[in-house]
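This report concerns only the one structure given below.
Treat the numbers as computed from the prediction; the structure is a model and nothing was measured.
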Amino acid sequence: MNIFESVICHDYTVVRTHREMLAIKTNGIHMVGLAWVCNVLTLLGLGIVYLLLTNQSDQVYEILALIRYWELAGRLAILIFLAIVYFMSFGAYGGKAIFVDIIKRFSKLEEEEKHAVARRGGRYFYFSLLFFFIVAGIVVYLIKYVY
């Protein structure tokens, strides 16, 4: 199972553990989409941090000024791009047939392997969120207090 399928299995395991039922629908696919968006924003944030730390802050401000110049269009373009990234996860892992296939393969694993797969998916999801917030905090700190 790949890392994204592991996220779906992690959510499936959590839902079954807490609700004690066999749930067909979980939020695993939303978790994959959110992780993908966080990964994209983290990479963009790391690019901004790189530009700020290499004294190329004028390029960052030019990009921000360009987005501000196009006000609504710039913001809308960013939102559309992030929505496309989010909905790509639905194209790749959405649908009941794909979900059932993932869960069937997950159910055939031994108990120890199930825990390893679920743990790997949980780590990927939560670390994606954590790294996004850390990088966002660093960007805000650098822009607000250093430059």
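The same ILVMFWY cluster, assembled from side-chain heavy atoms under 4.5 Å apart, contains both Ile84 and Leu44. Grouping the Ile, Leu, Val, Met, Phe, Trp and Tyr side chains by contacts below 4.5 angstrom, directly or via other members, places Leu34 with Ile80.
For the atom pair Ser6 OG and Ile102 CD1, the distance stands at 9.5 Å (nearest 0.5 Å). Here the CD1-CD1 distance, from Ile103 to Ile8, works out to 7.5 Å after rounding to the nearest 0.5 Å. Between Ile138 atom CD1 and Phe133 atom CZ the span is 14.0 Å, to the nearest 0.5 Å. Residue Leu129 holds its CG atom at 9.0 Å from OG1 of Thr42, rounded to the nearest 0.5 Å. Rounding to the nearest 0.5 Å gives a distance of 10.0 Å between CZ of Phe131 and CG of Leu46. Interatomic distance, His115 NE2 to Arg120 CZ, rounded to the nearest 0.5 Å: 14.5 Å.
Thr13 has its side chain out of reach of Lys114: every pair of non-hydrogen atoms, C-beta onward, lies at least 4.5 Å apart. Annotation: side chain of Asp11 is not in contact with side chain of Val7 (no heavy-atom distance under 4.5 Å). A heavy-atom distance below 4.5 Å is not found between the side chains of Phe99 and Ile29. For the pair Asn2 and Tyr93, the minimum side-chain heavy-atom distance is below 4.5 Å. Between Tyr145 and Val140 the shortest side-chain heavy-atom distance does not fall below 4.5 Å. Looking at heavy atoms from C-beta onward, Gln59 lies in side-chain contact with Gln56 at the 4.5 angstrom threshold. In this structure, Asn39 and Tyr124 have side chains that are in contact, with non-hydrogen atoms separated by less than 4.5 Å.
By the salt bridge (charged side-chain N to carboxylate O under 4.0 Å, His left out) test, Arg105 pairs with Glu5, Asp101, sequence neighbours left out. Residues satisfying the ring pair (Phe, Tyr, Trp, His ring centres under 6.0 Å) test with Phe125, not counting sequence neighbours, are none. Judged as a ring pair (Phe, Tyr, Trp, His ring centres under 6.0 Å), and not counting sequence neighbours, the contacts of Phe90 are His30, Tyr86, Phe87.
Of all the heavy atoms in Val32 and Phe4, the pair that sits closest is CG2-O, 3.5 Å. Shortest non-hydrogen contact noted between Phe81 and Val40 is CE2-CG1, 3.6 Å. In this structure, Cys38 and Ser128 approach most closely via the heavy-atom pair CB-O, 3.8 Å. Residues Ala92 and Trp36 share a closest heavy-atom pair of CB-CH2, 4.3 Å.
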Q: Show your working on side chain to side chain donor-acceptor pair (under 3.5 Å) between Asn27 and Tyr12 and close with a plain yes or no.
A: CA-CA 8 Å; Asn27 290 323; Tyr12 176 77; over 6 Å; no
Q: Could you go through the side-chain contact (heavy atoms from CB on, under 4.5 Å) check for Leu53 and Leu142 one step at a time?
A: CA-CA 9 Å; Leu53 292 179; Leu142 288 175; 4.3 Å; yes
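A donor-acceptor distance shorter than 3.5 angstrom exists from the side chain of His10 to the backbone of Ala118, with no hydrogens or angles considered.
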